[in-house]
Amino acid sequence: MDGKSLYRSIIESVQEMNITIGDTMGSTSLYYPFAGDLETLKQEFFVASKGSFPGVVLEQAPERVKVTVSEDDCKRIALMPVKETMKDVLVLVSGNVNMDNLRRHISQKYPDSRFGKTGGVEFDWALAFPEDVDDNVYCFSEEMGSVTCHRFSREEYLAFGFQLP
């Protein structure tokens, strides 16, 4: 992970929290796998963020980095434009739509999107958009009519050994 990908991940994670729970009150802590040089990561993050998030603190933890995002920065991030695809997926999931309707809606709105059965125990379905539209992979599980969603960067998803749909 470099500072640019960390910056993107922080933005999307805070936006995801804002969409799903609608709360930007308080600070939030995020953890990412990391075993590199923390000072280099901090410098890369500062360059990627153009210094616009002074309340973001990066700390080394065993084999990961802890990112604390201040309440003020959470509020600033919540005001930033959100990927339409991410917003659509999260609104559908938080609206308690079943998996068939979610797949139908996304496939109609985004005909180039790809759903695939994962065949694993972790998730039932995976969704990928063309990389220039959204480079995240969304994984879904459905239990008793309720759908849960997990979002991964393509890099993370592939590092887990999963196949793209």
Side-chain angles (χ1 to χ4, degrees), residues 1-21 28-38 40-50 52-53 56 58 60-61 63-67 69 73-74 77-78 80-95 97 99-143 147-165:
M1 169 177 291
D2 63 14
K4 185 176 180 181
S5 60
L6 178 63
Y7 169 73
R8 191 190 100 224
S9 187
I10 292 168
I11 298 299
E12 290 179 348
S13 293
V14 172
Q15 288 176 331
E16 180 178 358
M17 285 188 297
N18 188 53
I19 291 168
T20 56
I21 50 181
T28 190
S29 294
L30 306 165
Y31 294 85
Y32 298 95
F34 181 73
D37 178 53
L38 183 62
T40 300
L41 183 66
K42 286 179 178 180
Q43 290 172 2
E44 292 171 349
F45 174 78
F46 184 79
V47 169
S49 69
K50 299 179 178 118
S52 58
F53 299 106
V56 173
L58 307 179
Q60 186 73 54
E63 297 186 31
R64 58 191 179 155
V65 62
K66 176 184 178 186
V67 178
V69 184
D73 283 342
C74 284
I77 292 169
M80 295 173 70
V82 179
K83 285 182 186 174
E84 193 70 23
T85 50
M86 183 170 77
K87 185 166 55 173
D88 286 341
V89 167
L90 297 174
V91 166
L92 286 166
V93 170
S94 62
V97 68
M99 195 64 215
D100 289 338
N101 287 336
L102 185 144
R103 287 181 26 241
R104 186 173 19 265
H105 179 81
I106 294 296
S107 296
Q108 286 174 351
K109 187 166 182 181
Y110 304 98
D112 293 334
S113 64
R114 297 177 320 278
F115 275 97
K117 284 281 226 180
T118 63
V121 295
E122 297 88 1
F123 310 109
D124 301 320
W125 292 90
L127 165 64
F129 296 94
E131 283 187 70
D132 61 331
V133 173
D134 187 341
D135 58 352
N136 290 311
V137 177
Y138 299 84
C139 297
F140 305 94
S141 297
E142 184 173 27
E143 193 170 310
V147 176
T148 58
C149 176
H150 298 274
R151 180 184 50 78
F152 301 97
S153 71
R154 237 172 251 267
E155 178 184 21
E156 292 167 329
Y157 183 79
L158 294 172
F160 289 137
F162 300 134
Q163 299 294 316
L164 291 172

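Fair warning: this is a prediction, and the values are worked out from it, not measured in the lab.
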### Query
Of the non-hydrogen atoms in P165 and G116, which two are nearest, and what is the gap between them?
CB-N, 3.5 Å
### Task
Supply the atom-to-atom distance N101 CG to I106 CD1, rounded to the nearest 0.5 angstrom.
11.5 Å
### Query
Out of curiosity, Q15 CD to I77 CD1, how far, rounded to the nearest 0.5 Å?
7.5 Å
### Query
So, do V91 and M86 sit near enough that their side-chain heavy atoms are less than 4.5 Å apart?
no
## Note on the structure
Output for pair (M17 CE, L90 CG), nearest 0.5 Å, gives 12.0 Å
### Message
As an exercise, state the distance from CZ of F45 to CD1 of I10, rounded to the nearest 0.5 Å.
### Response
4.0 Å
### Message
Donor-acceptor pair, distance only, cut-off 3.5 Å: does the side chain of Q60 make one with the backbone of R64?
### Response
yes
#### Entry: Student check: side-chain heavy atoms of K66 and L58 closer than 4.5 Å
no
### Task
Determine yes or no for a side-chain-to-main-chain donor-acceptor pair under 3.5 angstrom, with Y110 supplying the side chain and V133 the backbone.
no
#### Entry: Closest approach of S52 to S49 (non-hydrogen atoms, all atoms of both residues)
OG-O, 2.6 Å
#### Entry: Heavy-atom closest pair, residues V97 and V147
O-CG2, 3.4 Å
### Check: R151 and C139 side chains under 4.5 Å, non-hydrogen atoms
no
#### Entry: I11 vs M80 side-chain heavy atoms within contact, under 4.5 Å
yes
### Query
To the nearest 0.5 Å, what is the distance between CG (N136) and NE2 (H150)?
14.0 Å
### Task
Decide if the gap between the ring center of F160 and the ring center of F152 is smaller than 6.0 angstrom.
yes
### Query
Do NZ/NE/NH1/NH2 and the carboxylate oxygens of K83 and D134 come within less than 4.0 Å?
yes
### Task
Answer yes if the side chains of S9 and Y32 hold a donor-acceptor pair under 3.5 Å, and no otherwise.
yes
### Message
Could you walk me through whether V89 and C149 satisfy the side-chain contact (heavy atoms from CB on, under 4.5 Å) test, starting with their C-alpha distance in whole Å, then the side-chain angles of each, then the deciding distance to 0.1 Å, before giving a yes or no?
### Response
CA-CA 8 Å; V89 167; C149 176; 3.9 Å; yes
### Query
Is there side-chain contact between L164 and L158, with at least one heavy-atom pair below 4.5 Å?
yes
### Minimum side-chain heavy-atom gap Y7-V56 below 4.5 Å
no
### Query
Taking the six-membered ring for Trp, are F162 and F123 parallel (under 30°), tilted (30 to 60°) or perpendicular (over 60°)?
perpendicular
## Note on the structure
Across all chains, not counting sequence neighbours, the side chain to side chain contact (heavy atoms under 4.5 Å, CB included) partners of S5 are M1, D2
### Query
How about R8 and D135: do any of their side-chain heavy atoms sit closer than 4.5 Å?
yes
### Query
Closest approach of C74 and T28, non-hydrogen atoms and distance?
SG-CG2, 3.7 Å
### Query
How close do S113 and S107 get, heavy atom to heavy atom, and via which atoms?
OG-CA, 4.0 Å
### Query
How about Y138 and F115: are their ring centres within less than 6.0 Å of each other?
no
#### Entry: Carboxylate-amine/guanidinium proximity below 4.0 Å for E44 and K4
no
### Query
Going by the salt bridge (charged side-chain N to carboxylate O under 4.0 Å, His left out) test, which pairs reach into residues 109-122, not counting sequence neighbours?
E84-K109, D88-K109
### Task
Of all the heavy-atom pairs spanning G3 and L41, show the shortest one and how long it is.
N-CD1, 3.5 Å
### Query
Taking the side chain as C-beta and beyond, is there a heavy-atom pair between V93 and F140 under 4.5 Å?
yes
### More than 12 heavy atoms of other groups within 6.0 Å of F34 CZ
yes
### Message
Just verifying a value: how many Å separate M99 CE and L92 CG, rounded to the nearest 0.5 Å?
### Response
10.0 Å
